[in-house]
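Working notes, beginning with the structure itself.
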Amino acid sequence: MPDSSPILGLDLGTKEHALASAATEGSPILGIDLGTTNSLVGVVDSGFPILLADEEGQRLTPSAVNYGADGSHIVGAAALRKRALEPQRTVTSVKRLIGRRAGEGGWQPPYDLRQLDTSPVEVSADILKRLKAIAERALEQPVSRAVITVPAYFNDAQRNATKQAGELAGLTVERIVSEPTAAALAYGLDKLDERKKIAVYDLGGGTFDISVLEMRDGVFQVLSTAGDTQLGGDDIDRAVVAHVLKGQGGQEGQGVRASSPHDEGRMASLLGAVEAAKKRLSTEEEVRIELPFFDGVQSLSVELTRAAFDKLARPLIERTRAHCLRALSDAKVKPEELDEVILVGGSTRIPLVRSYVEEIFGRVPNTSQNPDEAVALGAVIQAGILSGSLKNVLLLDVTPLSLGIETFGGLMNIIIPRNSTIPCKAGEMFTNAVANQKDMLIRVLQGERELAKDNWELGRIEIPFPPGAKGSARVGVQFAIDANGILEVLARDTATGTDTVLAIQNTAVNVDDERVEQMIAESVEYAFEDMNERVWTEARLKAEELLPAVEAALGQFGDAVTPEEKAVIEAAAAQVRAVLTTPEHDVKALKAANQALDDATQELAVRLVEQAMEESLVRRGLV
Ligand code: AMP
């Protein structure tokens, strides 16, 4: 059972802390937006954050890698061009897979990474190598350090996998930053003296993130984050492709047969054409999707109006509403208290997205940022802070889910609550709940449910200790989350001073990140049942402590207890036992039975103390 004496206070990041972590000034640190669809790289040059272009003058590098049969690796636009011919050899949207178990997540890419003899980390490393090369060419010097952005909802495993990819590409990853946080940083750089509450609505190719931040005196604090790791422009593209294939795109569309959906090359070119049409629809009222000889002989020619497109995209866009409301409620901010709603991510160019965001937040969103570049710019600014080339700005991030350990009775004991500012440390002292316990098993959990079994286990530590009375052992447990959101758990046996450290490096095995949102939704849905179960468990533990104590006291008193007293106490104890065995877990009844037993033994307890005192005085010859 926990007692509440903390072994370490909560150590929130401070201005000094972030600036102290700035590494040696001079050597450039790259800021990298490793996007699902596109990636960007930049650096602070002469005090200004800039994004770097490749040989062709392009700043956006498509996050695509083509693995040639001859062993070649082509990254970027050239890889994308090969996708239509070699869909199975061209890896795109790998960010959806990074840090996950194979086959997890529902989304099926057209390629098989095992057949290509690679992994999501290696593919990401190939993209990062390309970005590093673009930067080295532009800067005319080698670079070895970087700040990389990830969706706010990335869990430990995904953040670690991203870090690993950086290292594999020859980059020391100085910090992992959440994308909306980076975007807010880019937005706030020229308004440092202002105090603002900002929402960042980030709808990209593969993910949706919403964050509420507070910006004050150059300090950024993320108040809350929410999102969906499987929602973005790619889904809109697929909805349009399905519509085209169903022949619902007007008369001309009926020439398209849906009988050959497995022809992946053709599907890839259709996807490409649909995406291009979607982009044009952001500024035009109607477009024509044309693919010559699409169906072997027949060409495809489908007209798509903005209204028809909106109808297809709306259900997907509407899925962002619940996340926005959740982020606002977590941050305890009303929509009208927001100073700005910033739009980030390529898909926020869609007019329907803009009007829908306006509807949710009741204000016209700010589109001053280039939605493709804001995140990268923020990463560059953070890199500039770390390298010492930009000063007076600081970033504070938050944990997306609560972290804690299982305590006696199977309850979740939260050590670092959801939305805590990171980096942070917090700890508690724990003791053995039963006598002669030989070891203590610390199960590290992540999640929002009251019962340990409903949360995710990230790892476990076993601490052996010599058998002793209940409450004799004392183990301090400290959780530390570093600036990258990576968790380290330290358990200290205070008797021996022995430390056991568990670094949560690979939680992919245990954590299904898709369930992050489900976890939050379930915690709300089951809040009543969960709380009932927690209170029941606490009352049950109390009863289980009370019953043997009462029995022992009755034995000790023997004849000194009158038969009437004994009958009352035994009846109260029997009532507690009876309620304990009922399946419906009636908390009220158990609490009342516990109280009645407590009251019935009150006099006995007083007499026990008095008797002990008298015996002590007699022993010491004072009476
Ligand atoms: P990001 O992940 O932020 O690079 O966003 C990429 C997504 O934005 C892709 O799904 C693109 O198709 C989409 N996108 C880019 N430009 C536009 C545009 N003008 N209109 C609609 N969607 C766009």
Side-chain angles (χ1 to χ4, degrees), residues 32-42 51 58-64 76-77 80 83 92-98 107 109 124 127 131 148-154 162 178-183 186 200-211 227-241 268-287 289 304-306 308-310 312-314 316-317 319-320 342-357 365 367 369-379:
I32 293 178
D33 169 10
L34 184 60
T36 310
T37 323
N38 293 301
S39 297
L40 291 112
V41 59
L51 297 173
Q58 297 300 323
R59 299 196 290 200
L60 278 182
T61 298
S63 307
L80 217 47
R83 184 170 64 167
T92 53
S93 298
V94 74
K95 193 166 161 183
R96 287 187 161 192
L97 300 174
I98 199 162
W107 176 66
S124 305
I127 299 167
L131 298 173
I148 304 179
T149 56
V150 295
Y153 255 73
F154 259 26
T162 306
S178 293
E179 287 162 10
T181 311
V200 179
Y201 181 103
D202 180 353
L203 188 62
T207 55
F208 168 64
D209 277 298
I210 173 79
S211 293
D228 186 337
T229 52
Q230 303 289 305
L231 179 63
D234 297 353
D235 301 285
I236 297 176
D237 297 346
R238 276 191 289 275
V240 177
V241 164
S269 44
L270 178 56
L271 256 181
V274 159
E275 193 198 356
K278 172 188 75 175
K279 288 183 183 172
R280 282 175 48 210
L281 276 176
S282 289
T283 47
E284 295 167 37
E285 281 303 320
E286 59 179 58
V287 295
I289 302 166
L304 191 63
T305 61
R306 169 92 62 88
F309 171 79
D310 284 357
L312 294 168
R314 183 170 268 278
L316 291 162
I317 296 168
R319 277 170 52 193
T320 64
I342 304 176
L343 295 185
V344 186
S347 300
T348 60
R349 287 203 174 93
I350 298 172
L352 179 67
V353 172
R354 297 187 172 189
S355 59
Y356 194 68
V357 171
T367 50
Q369 293 292 315
N370 177 337
D372 295 322
E373 296 186 346
V375 170
L377 223 47

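Just so it is clear, the values below take in all heavy atoms, side chains as well, and ignore hydrogens, waters and symmetry mates. Order of appearance sets the numbers: ligands from 1, and atoms from 1 within every ligand.
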Main-chain N/O of [Y] paired with [X] side-chain donor or acceptor, under 3.5 Å:
X	Y	answer
Thr305	Ala308	yes
Thr92	Ala64	no
Arg306	Leu281	yes

Do [X] and [Y] have a side chain donor and acceptor closer than 3.5 Å?
X	Y	value
Tyr201	Thr348	no
Thr207	Asp228	no
Ser63	Ser39	yes

| request: Under 4.0 Å, heavy atoms only, figure out whether ligand 1 is touched by the backbone of Lys279, its side chain, both or neither. | output: both
| task | Using a 4.0 Å heavy-atom cut-off, say whether Ser282 meets ligand 1 through its side chain, its backbone, both or neither. | result | side chain
Number the atoms of ligand 1 from 1 as they appear, then name those within less than 4.0 Å of a heavy atom of [X], with their elements.
X	value
Ser347	7 (C), 8 (O), 10 (O), 13 (C)
Glu275	9 (C), 11 (C), 12 (O)
Gly345	3 (O)
Gly346	1 (P), 3 (O), 5 (O), 8 (O), 13 (C), 14 (N), 15 (C), 16 (N), 17 (C), 22 (N), 23 (C)

| remark: shortest atom 16 (N) of ligand 1-to-protein heavy-atom contact is with Arg349 NH1, 3.5 Å
| Of all heavy-atom pairs between Leu40 and Leu60, which one has the smallest distance, and what is that distance? |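 Closest pair (atom of Leu40, atom of Leu60, distance): CD1-CD2, 3.5 Å.
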| message | For Asn38, state whether at least one heavy atom is located under 4.0 Å from any atom of ligand 1. | response | yes
| said: For ligand 1, which is the ligand I care about here, please tell me if Asp372 has any N or O atom under 3.5 Å from one of the ligand's N or O atoms. | reply: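 Between Asp372 and ligand 1, no N or O pair is found under 3.5 Å apart.
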| request: Would you indicate which of Gly233, Gly232, Gly205 comes nearest to atom 7 (C) of ligand 1 when only heavy atoms are counted? | output: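 Residue with the shortest heavy-atom distance to the ligand atom: Gly205.
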